Structures are given as structure tokens and as C-alpha cells.
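Predicted model only: the values in this text are computed from it and were never measured. Read the numbers this way: they start at 1 and go in the same order the structure lists the ligands and their atoms.
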Amino acid sequence: MPDGALKSGAYRAFTARDIDAIPQLAALSADARLRLRAVAQVLPFRVNAYVLEHLIDWSRAPDDPIYQLTIPQPEMLGDADLSALVDLGRRGSEAELQARARAIQLAMNPHPAGQIDLNVPIEAGAVQRGLQHKYRQTVLFFPAQGQTCHAYCTYCFRWAQFVGLEDLKFAAREAETLVEYLKHHPEVTDVLFTGGDPLVMRTSVLRRYVEPLLRADLPHLAHIRFGTKALAYWPARFLTDPDADDLLRLFGEIQAAGKHVAVMAHYSHPRELATPAAVAALQRVRDSGAVVRCQAPLVRRVNDDPAVWADLWRAQVRLGAVPYYMFIERDTGPKEYFKVPLARALQIYQGAYRQLSGLCRSVRGPSMSATPGKILVDGVTEIEGKPYFVLRMLQGRNPEWVGRIFLAEYDPDAAWISELRPAFGAPDFFYAEELAELSRQRARVRLNMLGETPPTAA
Ligand SMILES: *Cc1c(COP(=O)(O)O)cnc(C)c1O
């Protein structure tokens with residue numbers, strides 16, 4: 001592999017249309033390229049020269065973790081679906097290919113955890129598109145121009161918005177929506193710019209969203225966060241892109257206005273921190289005064305190994321970043337391909353955690369971002385000779401739920417909260433009834449907006 005020294009080239013994306021133009025993929029057989037093209041009809045595919053030249057170890061493909069992280073794999077689809085798509089691709093029946101691909105996408109649970117139904121706020125009879133507000137202190141903001149990434153992760157839980165399932169996309173055109181919302185919500189301390197990746201936006205565009213927040217009188221707004229994978233996938237964003245300096249200046253201006261800047265960095269594998277460009281980019285962000293907090297999901301074939309996480313967290317702390325969350329991969333997209341059972345996830349987490357100093361133990365995990373909240377798998381305990389999962393609510397749709405400990409029957413195969421049963425034969429977890437009531441309330445609000453009468457309560 002090249003040493004990762006950065007050629008200051010301009011950013012260029014390679015997508016499904018450019019598969020034949022990617023020199024590294026020319027080594028694949030024609031059949032393999034056909035299969036890749038077929039999978040890329042269903043799942044998002046986008047890479048760039050930095051990922052291709054400096055992150056993927058082509059001598060180890062297809063097993064290489066960064067190859068698995070960025071290049072869609074034939075096994076992510078069922079055999080029947082894959083061969084149907086390959087056939088249609090061979091025959092050149094574009095319309096049929098699109099239709100079949102769309103049907104497969106819709107069968108892959110494109111919108112998990114009630115993100116639209118439950119998280120998008122409704123105020124004064126209007127749906128606040130582009131916002132999600134699930135936990136009291138933090139509003140998620142999806143700026144329209146930031147809904148893509150420098151490269152796509154094959155496991156992305158927001159994959160649906162990159163394949164054109166339009167109604168699943170959140171896009172706020174106007175910063176005004178956000179400012180108005182925040183004026184009415186003094187409980188909000190954090191705004192999280194997210195996507196996609198908000199740092200794909202030019203700094204001048206980002207300023208159009210950030211500056212109104214600084215100008216508005218919002219004393220309760222204390223923290224501005226940027227969720228991003230740019231530090232891993234396109235470090236030039238912070239080094240040599242024409243507006244790199246201005247981005248770091250903007251981080252400084254936010255702090256001069258009295259707000260904290262948190263860069264929520266998505267690092268999946270220690271190799272993403274191993275190139276000179278990656279190190280220099282992280283250093284520049286830190287020099288701006290921003291704090292870099294790191295999070296990623298645990299994914300089979302990419303990072304399902306305690307040694308990988310130990311290396312990752314060690315590297316982060318050595319470079320001055322803060323390990324923050326380890327997530328369980330959500331129940332969406334090619335989840336069968338990536339899934340790691342909760343019991344195994346806990347072993348990997350603890351296997352890494354136990355090797356490391358307390359400075360690395362700022363991380364919390366493995367955590368599920370599920371419909372009721374962020375649920376931590378805290379351990380396995382034994383009661384009268386029987387094992388149970390100990391779960392803890394880290395974040396809750398209802399703040400009263402935060403910190404609650406609860407137990408589930410131990411199941412070595414369960415990979416999501418929906419696959420767990422409450423301990424001791426309880427019919428439901430503690431939050432179930434309230435969550436169901438919340439969903440009913442939302443359904444009533446939506447029906448009222450349509451001017452319809454809700455069905456009489458059962
Ligand atoms: C994780 C998450 C947040 C932020 O939670 P913190 O624990 O404060 O980092 C906010 N909103 C949603 C929907 C989340 O999933």
C-alpha cells in the first residue's frame with residue numbers, strides 16, 4: 001500500500017456507473033464486476049481515490065476490512081435476488097432491473113427505529129422536515145446539501161436515502177426552520193449536524209446554516225456537533241481542499257460565540273487513523289479547539305475482533321480524540337451479512353476494554369439505537385444458576401427511562417432488542433406500554449393534520 005502521503009487532488013466520487021473506470025477493480029473477473037454492478041443497484045456505492053489508494057489493502061481483498069466496508073458484496077443479497085439482477089443486467093433490461101432492485105430495497109427494512117414516524121417533530125400542525133428530536137437535549141439537523149458522503153459504508157443504517165427512496169430523506173432547506181424550532185425549545189442544548197455527512201458541504205454553504213445559529217439569541221444552545229466520516233474517508237477536507245482553512249476558522253468562530261464544537265467522528269477500523277493524512281487532519285481539527293469524539297458500529301468482517309477495537313481506541317486516545325460509542329449494527333439493509341449477536345458483541349467489547357487504560361474507557365457499548373432509546377448491553381449476570389443480559393437505557397425517548405437497568409433472558413443468537421425476551425416471563429419490557437401510547441398519540445396528531453377523524457380507540 002502507498003504510505004498515505006496526500007496528493008492534493010480535487011475530490012472525485014466513483015459510483016456504480018464508474019465501476020469500469022476504477023483501476024483497482026479491473027483485476028476482478030468480468031463476472032465479479034457484473035455481480036458488483038448488480039449489488040450496486042440495490043445498495044449505495046461510492047468511493048474516492050483516497051479510499052481506493054490509501055485505505056483498502058488490495059492484496060487482501062475481498063477479505064480486507066476496508067474493502068468490506070466500502071465495496072458492496074454479492075453475498076449481501078439473497079441468491080435468487082442476485083441472480084435475477086445479474087440476468088437483467090446482462091439482458092440490458094433497465095426498467096425491469098430498476099423495478100426489481102426497488103422491490104429488494106423495500107424488503108430490507110429501509111427505515112428502522114421509527115425515525116420518521118416518531119422522531120420528526122410536528123409543531124403548529126406542520127411536520128418539521130429536516131429535523132429529528134428524539135432525546136430532550138439534542139436536535140438532529142439534516143441540511144439538504146449534506147445528504148451524501150465522501151464514500152459510503154456498505155453497512156450504513158441510513159442507506160435508504162442514498163438509493164433514492166425519496167420519502168425517507170430528511171432535508172431542511174432553511175436554517176430558519178432550525179432557529180425557529182430552537183427558540184421554542186429551551187431544553188435543547190445540542191444541535192447535531194448530520195446526514196449523510198454535513199462536511200461534504202462547502203464551508204460557505206455550511207456557514208449559511210451555522211451563522212444564523214450564532215446570530216440568534218439562543219443562550220441554551222451550548223454544543224454544536226458535526227457527525228462526519230470525512231476524517232477517515234477524505235482527510236483533505238481539513239488539509240488541502242480550497243475551503244479547509246475556512247472550515248477550521250468556522251470551528252473557531254463557533255467557540256468565540258461561546259459554544260462548544262464536537263466533531264463526532266466515525267472511525268470503523270484503526271487503519272483509518274494510520275495514514276499521515278489522517279493523523280494530520282485530526283491534529284488540525286484538535287488545533288481548532290474542537291473536541292473529536294469517536295463512534296462506530298461493530299460489524300462482522302470489518303471490526304468483529306477485540307484486538308481491532310483495542311487498537312482503534314488506543315490510537316484515538318494517543319491522537320487526542322475521545323472514544324465515545326460502540327454501536328450494534330441496526331436491523332436494516334444487509335444486516336444478515338454484518339450482524340454480530342449481542343453475546344458476541346459483549347465479548348468483543350469487554351475483550352478490548354479490559355486491555356486498556358482508563359483513558360480509553362470513556363467509550364460506552366455495545367449500544368443499540370432502538371425505538372425506545374439507546375440500550376446498552378452492560379453484561380451477563382447469573383441468577384439462581386441462569387444467565388441473563390443486563391441492559392441499561394443510556395438515552396430514552398422519555399427522560400425518566402434514562403439509567404434504568406433491566407434484564408432479558410440470555411440468548412446467544414439474539415442480535416437486536418426485538419429478538420430479546422424480558423426476564424422472568426414478563427410480557428414486555430418496562431417501556432413498552434408508554435412507547436405504544438406515544439405511537440398512538442403520534443398517529444392521532446398525523447390523522448388530525450389530514451383532517452380525518454381517528455378511529456375510535458380499541
Ligand atoms: C445518539 C443520539 C443522540 C445523541 O445522544 P448522546 O448520548 O447525547 O450522544 C441524539 N439523537 C439521536 C436520535 C441519537 O440516536
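- A donor-acceptor pair shorter than 3.5 Å can be found between the side chains of Glu123 and His185.
- Thr275 and Tyr50 share a side-chain donor-acceptor pair at under 3.5 Å.
- Contact check for Pro65 versus Asn303: no side-chain heavy atoms found under the 4.5 Å cut-off.
- For a heavy-atom separation below 4.0 Å, the residues in contact with ligand 1 are Lys134, Tyr135, Thr138, Leu140, Arg225, Tyr324, Tyr325, Ser369, Lys374, Gln395.
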**OP:** Please assess Arg314 against Leu356 for the test side chain to side chain contact (heavy atoms under 4.5 Å, CB included), listing each intermediate value before the final yes or no.
**Re:** CA-CA 7 Å; Arg314 250 193 303 259; Leu356 301 171; 3.4 Å; yes
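- A side-chain donor-acceptor contact under 3.5 Å links Asp197 to the backbone of Lys229.
- Under a cutoff of 6.0 Å and an axis angle of 45°, Arg46 and Phe162 do not form a cation-pi pair.
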